[in-house]
Protein chains: 2
Amino acid sequence: MGKRKENSTNMLNENYITESCNLTYAVCKIGGRWKLLILCKLENGKLRFSELRNQIKGITERMLTLQLRELEKEGLIKRTVYAEVPPRVDYELTEIAKELVPIWNQLSNWGAKHKEILLSSVSSSI
Amino acid sequence: MGKRKENSTNMLNENYITESCNLTYAVCKIGGRWKLLILCKLENGKLRFSELRNQIKGITERMLTLQLRELEKEGLIKRTVYAEVPPRVDYELTEIAKELVPIWNQLSNWGAKHKEILLSSVSSSI
DNA sequence: TATGGTACTAACAAATTTGTAAGTAATGGG
DNA sequence: CCCATTACTTACAAATTTGTTAGTACCATA
């Protein structure tokens with residue numbers, strides 16, 4: 001998000017992991033704090049910057065910008081700027097991002113199930 | 001991983017996001033640096049602490065311990081301690097974690113495809 | 001001339017994650 | 001008693017991510 005150091009152990013490890021494990025690679029692509037929420041909002045079509053900001057409670061303009069930029073760089077969203085004043089910019093999913101949709105639906109179901117299990121195991125251990 | 005502050009904006013945001021989006025919730029469960037790699041190693045059965053350490057290049061004992069502890073707390077792995085000296089401990093996937101396997105296979109395929117697309121778009125833009 | 005709306009950017013600070021280096025406990029074998 | 005082995009812990013430091021606050025540019029409208 002800011003610049004990263006070039007040869008920190010941290011970064012070398014990340015490179016190694018994402019190169020040797022496509023799964024880790026995939027999860028890293030969608031792994032920023034707000035990225036999945038943004039992608040979900042875009043599932044039904046284009047949205048403007050301000051629409052995203054208003055639909056995502058708690059996100060700051062800076063964070064929204066950062067995450068959008070990364071998603072764009074990674075080819076998951078397409079950014080369109082209209083030559084108007086005041087500015088208008090919209091964002092939409094790319095094809096490769098749309099291919100994620102069925103997968104993330106399953107993952108979302110898994111998450112819901114996991115959440116329940118964890119809750120019931122916590123309450124039963126009281 | 002270390003303790004977290006109780007009411008930082010950061011933490012409040014995370015709580016809000018994972019509560020309102022099961023997908024984000026799910027990804028957070030598997031979102032530490034080494035977690036997916038660990039889970040993948042366990043896909044074929046139990047492994048001891050030292051086996052994991054040896055199979056995962058670059059991980060330190062501290063990181064391995066931390067990630068294993070979190071995975072355990074989240075109910076994704078089961079830890080078994082044998083009353084021996086020197087100690088023997090092994091780790092295995094839980095049922096709910098095994099349910100992730102088909103999903104992560106798809107995600108892994110997606111990752112491989114995405115990697116190719118990104119590479120070709122980078123090289124074509126030179 | 002001042003104001004407003006939109007989509008940002010910049011400088012900085014705080015929080016969180018990750019890595020380094022060293023140490024611990026328990027016990028069997030020499 | 002001393003050492004080796006295994007699975008950790010602890011204290012600390014570095015790196016990275018996230019959040020705060022205050023701007024910016026543009027032009028239309030009042």
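Just so it is clear: chains get the letters A, B, ... in the order the sequence lines come, proteins before strands, and each one is counted from 1.
Between A/Glu72 atom CD and C/dA7 atom C1' there is a gap of 14 Å when expressed in whole angstrom units. Straight-line distance from the CG atom of B/Asp90 to the P atom of D/dA7: 9 Å, rounded to whole Å. A/Glu14 has its CD atom 14 Å from the C1' atom of C/dG19, to the nearest Å. Between the NZ atom of B/Lys35 and the P atom of C/dT17 there is a distance of 9 Å, rounded to whole Å. As rounded to whole Å, 15 Å separates atom C1' of C/dA14 from atom CG of B/Asn7. Rounded to whole Å, the distance from CH2 on A/Trp34 to C1' on D/dG19 is 10 Å. Distance B/Glu61 CD to C/dT18 C1': 16 Å, rounded to the nearest Å. Straight-line distance from the CZ atom of B/Arg53 to the P atom of D/dT6: 8 Å, rounded to whole Å.
Checking the phosphate oxygens (OP1, OP2) of C/dT18, no side-chain nitrogen or oxygen of A/Asn13 falls inside 4.0 Å. Residue A/Arg62 has no polar side-chain atom (N or O) positioned under 4.0 Å from OP1 or OP2 of D/dT18. Regarding contacts with the backbone of C/dT16, a side-chain N or O of B/Arg4 is found under 4.0 angstrom from either OP1 or OP2. Contact annotation: A/Ser8 side-chain N/O to C/dG19 OP1/OP2 distance is not under 4.0 Å. Between B/Arg79 and D/dC8 there is a side-chain polar atom (N or O) within less than 4.0 angstrom of OP1 or OP2. Within the structure, a side-chain polar atom (N or O) of A/Thr9 is placed less than 4.0 Å from OP1 or OP2 of C/dT20. Taking only side-chain nitrogens and oxygens, A/Gln67 never comes nearer than 4.0 Å to OP1 or OP2 of D/dT17. Residue B/Arg88 has no polar side-chain atom (N or O) positioned under 4.0 Å from OP1 or OP2 of D/dT5. Taking only side-chain nitrogens and oxygens, A/Tyr91 comes nearer than 4.0 Å to OP1 or OP2 of C/dC8. Between A/Arg69 and C/dT9 there is a side-chain N or O to OP1 or OP2 distance below 4.0 Å. Between B/Arg33 and D/dA15 there is no side-chain polar atom (N or O) within less than 4.0 angstrom of OP1 or OP2.
The side chain of B/Met63 sits closest to C/dT18 out of C/dA7, C/dT18, D/dC8. The side chain of A/Val89 sits closest to C/dA7 out of D/dT6, C/dT16, C/dA7. Closest to the side chain of A/Val85, from the set D/dA15, C/dA15, D/dC27, is D/dC27.
Nucleic acid contact class of B/Ser50 (heavy atoms, under 4.0 Å, all strands): sugar-phosphate only. Residue B/Arg48 is in sugar-phosphate contact alone, with no base atom involved, counting any heavy-atom pair closer than 4.0 Å across all strands shown.
When all heavy atoms of A/Leu64 and A/Arg53 are compared, the closest pair comes out as CD2-N, 3.6 Å.
Taking the nucleotide of DNA chain C with the nearest heavy atom to each of A/Met11 and A/Pro86, the more 5' of the two is matched to A/Pro86. Along DNA chain C, the nucleotide closest to A/Thr65 and the one closest to B/Gly31 are compared, and the more 5′ of them pairs with A/Thr65.
In B/Lys98, the NZ atom is crowded: over 12 heavy atoms of neighbouring residues, nucleotides or ligands sit closer than 6.0 Å. Heavy-atom neighbours of B/Glu116 CD from other residues, nucleotides or ligands within 6.0 Å: at or below the threshold of 12.
Screening B/Glu72, B/Glu95, B/Glu92 for a salt bridge (charged side-chain N to carboxylate O under 4.0 Å, His left out) involving B/Lys78 leaves a single residue, B/Glu92. Checked against A/Ile30 for a side chain to side chain contact (heavy atoms under 4.5 Å, CB included), the options A/Leu71, A/Ile38, A/Leu76 give a single hit: A/Leu76.
Considering only heavy atoms from C-beta on, B/Leu23 stays 4.5 Å or farther from A/Asn105 through its side chain.
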